[in-house]
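First up is the structure itself, then whatever we jot down about it.
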Amino acid sequence: MGERQEQQEGRELGTKPILPLFTKYSFLTFVGMIAQCIMVLCEGIIIGNGLGTEGLACVELIMPMEYLMLALGGFFAIGISTIAGIRLGNGDPEGARRAYGQGTLFTLLAMVILSAIIFIFAGPVADLMGTPAEYKDMMIIFLRIFMVGYPFCVIGHIVVYMARVDEKPAIATWAMTSSAVIALAWLYVSTYILKLGIPGGAVYYSISIGIWGLFILYFIFSKNTLLKIRKEDLHFDKNLIMEIMKIGFPFLLVQASSTVFGIVINNFLGAYGTPMDLAAYAVINGYVIYILMMITQAVTGGCSLSPVSIWARRCTEESVS
């Protein structure tokens, strides 16, 4: 009992007042979110002017896969970070590490399998998303390039959520900000200088969030984290994995509805509309709605994790007293 109290004293989420913590974590989250929003707005300008109707139409056609990535990222990230936060709040860093390690490894395996399936069957997937015949070859290329970075995009969500649980919200902010700068620079160069067209845009989609995933190296090599991933934490516990999925499932269900909605709309536009119609809808779905979803994820990711740990800590204090 005394060891648990000592662990709590060294963690700001377990000791400091709620309001300053809420303000700090929310502010840093919104800084990263603003960087991502600026990136998306500039993306629309670059693609609209550099690739025209064709580029914007491809953006709209790929959006169901983008929304699916957001759904899967939130699904795993919310489940893993919630369990890890509660266990840290209860003075159980080993349990938090196991949740992080096992959850991340399971996510990686699941995403590699899913990405491989989509990569192999890119043609049928393009048809499913309502791709007009004249754009199908481009969309197959787009999908396959995007799938190379797809696992990193989903893992990236876990990393930024867990950085906040580890009381390192600045890492999450750096991940979101640096990826925005790098991805936007690549999109500009690939569009206007290298003239890569749609493949360059596909690489942009892979790295704009995929770069977040590279920050997992902090949790592998850093000595300054309580959540350093260890080999012994990677042995699967079926009950733990099921608990992670159970917690994240409501978010998956809600977010994945956007994927279904996007597929239905794209099929209607592809069958009865023109490429201009797809491009016009891309402005609404690919930019306006997408930015609103990013804001929602920033709120749920940055503002909800502190109370998870704080609530667990308060429950612990009540049990101790």
Side-chain angles (χ1 to χ4, degrees), residues 29 32-33 36-37 40 59-83 103-119 121-122 125-126 128-130 142-143 146-162 164 172 175-176 179 202 205-213 241-267 281-282 284-305:
T29 298
M33 180 273 293
Q36 289 283 308
C37 287
V40 172
V59 166
E60 173 53 32
L61 291 168
I62 203 65
M63 285 312 295
M65 288 293 102
E66 181 79 1
Y67 285 140
L68 179 62
M69 179 268 292
L70 293 177
L72 291 169
F75 169 56
F76 289 112
I78 290 173
I80 293 169
S81 61
T82 299
I83 293 175
T104 301
L105 180 59
F106 179 80
T107 302
L108 178 61
L109 293 176
M111 289 305 99
V112 167
I113 293 172
L114 176 63
S115 299
I117 292 173
I118 296 175
F119 186 97
F121 298 102
V125 172
L128 175 67
M129 293 192 301
F142 200 132
L143 278 167
F146 192 18
M147 287 306 106
V148 173
Y150 215 64
F152 294 98
C153 293
V154 177
I155 293 296
H157 282 81
I158 298 173
V159 171
V160 298
Y161 273 62
M162 288 303 297
R164 299 177 188 121
M176 298 173 73
S179 66
Y205 268 75
S206 293
I207 66 176
S208 60
I209 293 180
I211 289 175
W212 300 4
I241 299 300
M242 291 301 296
E243 188 178 359
I244 288 171
M245 293 193 291
K246 179 180 178 181
I247 291 173
F249 183 73
F251 180 89
L252 174 66
L253 194 62
V254 172
Q255 185 71 57
S257 65
S258 298
T259 299
V260 176
F261 176 80
I263 290 174
V264 172
I265 291 295
N266 285 354
N267 275 273
Y281 189 66
I284 300 172
N285 190 39
Y287 298 107
V288 177
I289 295 178
Y290 186 75
I291 287 174
L292 292 175
M293 285 189 173
M294 289 173 62
I295 294 173
T296 300
Q297 283 210 331
V299 172
T300 58
C303 303
S304 65
L305 290 180

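What you see is a predicted model, and the numbers here were worked out from it, not measured in a lab.
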Item to check | Residues Tyr290, Glu66; criterion side-chain hydrogen bond (donor to acceptor under 3.5 Å, both in side chains); working and verdict | outcome: CA-CA 9 Å; Tyr290 186 75; Glu66 181 79 1; 2.7 Å; yes
Checklist entry - Under the side chain to side chain contact (heavy atoms under 4.5 Å, CB included) criterion, do Thr107 and Leu72 qualify, and how do the steps go? => result CA-CA 9 Å; Thr107 302; Leu72 291 169; over 6 Å; no
Checklist entry - Given the rule in the side-chain hydrogen bond (donor to acceptor under 3.5 Å, both in side chains) test, do Arg164 and Thr29 qualify, once you have shown the distances and angles that lead to the verdict? => result CA-CA 9 Å; Arg164 299 177 188 121; Thr29 298; 3.2 Å; yes
Next on the checklist: Measuring from atom CD1 of Ile247 to atom CD1 of Ile83, what distance do you get when rounded to the nearest 0.5 angstrom?
Outcome noted: 4.0 Å
Checklist entry - For Pro151 and Ser115, which heavy atoms make the closest approach, and how far apart are they? => result CD-OG, 3.4 Å
Checklist entry - Ring centroid separation for Tyr150 and Phe119, is it under 6.0 angstrom? => result no
Checklist entry - So do the side chains of Leu143 and Met129 get within less than 4.5 Å of each other, counting heavy atoms only? => result yes
Item to check | Close side-chain approach of Asn266 to Pro64, heavy-atom, < 4.5 Å | outcome: yes
Next on the checklist: When you compare the side chain of Met162 with that of Ile80, does any pair of heavy atoms fall below 4.5 Å?
Outcome noted: yes
Item to check | Distance in Å, Phe106 CZ paired with Met111 CE, rounded so as to fall on 0.5 Å steps | outcome: 8.5 Å
Checklist entry - Do any N or O atoms from the side chain of Ser257 and from the backbone of Val254 form a donor-acceptor pair under 3.5 angstrom? => result yes
Checklist outcome for this item: Correct closest heavy-atom pair for Ile211 and Ser179 would be CB-CB, 3.7 Å
Checklist entry - If we only count heavy atoms from C-beta on, is the Val159 to Trp212 side-chain gap below 4.5 Å? => result no
Checklist entry - Taking C-beta and beyond as the side chain, do Tyr67 and Asn285 meet within less than 4.5 Å on heavy atoms? => result yes
Item to check | Side-chain touch Met245/Phe75, heavy atoms, less than 4.5 angstrom | outcome: yes
Next on the checklist: Quick one, Ile78 and Leu252 - any side-chain contact, counting heavy atoms below 4.5 Å?
Outcome noted: no
Checklist entry - What is the minimum heavy-atom distance between Tyr161 and Ser81, and which atoms define it? => result CD2-OG, 3.5 Å
Item to check | Asn267 (side chain) donor-acceptor with Leu128 (main chain) under 3.5 angstrom | outcome: yes
Checklist entry - In Å, rounded to the nearest 0.5 Å, how long is the span from CD of Gln255 to CG of Leu70? => result 5.5 Å
Item to check | Distance (rounded to the nearest 0.5 Å) between Met176 CE and Ile209 CD1 | outcome: 8.5 Å
Checklist entry - Just how far is it from atom CE of Met69 to atom CE of Met63, taken to the nearest 0.5 Å? => result 8.5 Å
Next on the checklist: With a 6.0 Å cut-off (strictly less than), is the heavy-atom count around CZ of Phe152, excluding the residue itself, greater than 12?
Outcome noted: no
Next on the checklist: Looking at every heavy atom in both Leu108 and Ile155, which two are closest together, and how far apart are they?
Outcome noted: N-CD1, 3.9 Å
Checklist entry - Does a side-chain heavy-atom distance below 4.5 Å link Thr104 with Phe76? => result no
Checklist outcome for this item: Ser206 and Cys153 have their tightest heavy-atom pair at O-SG, 3.5 Å
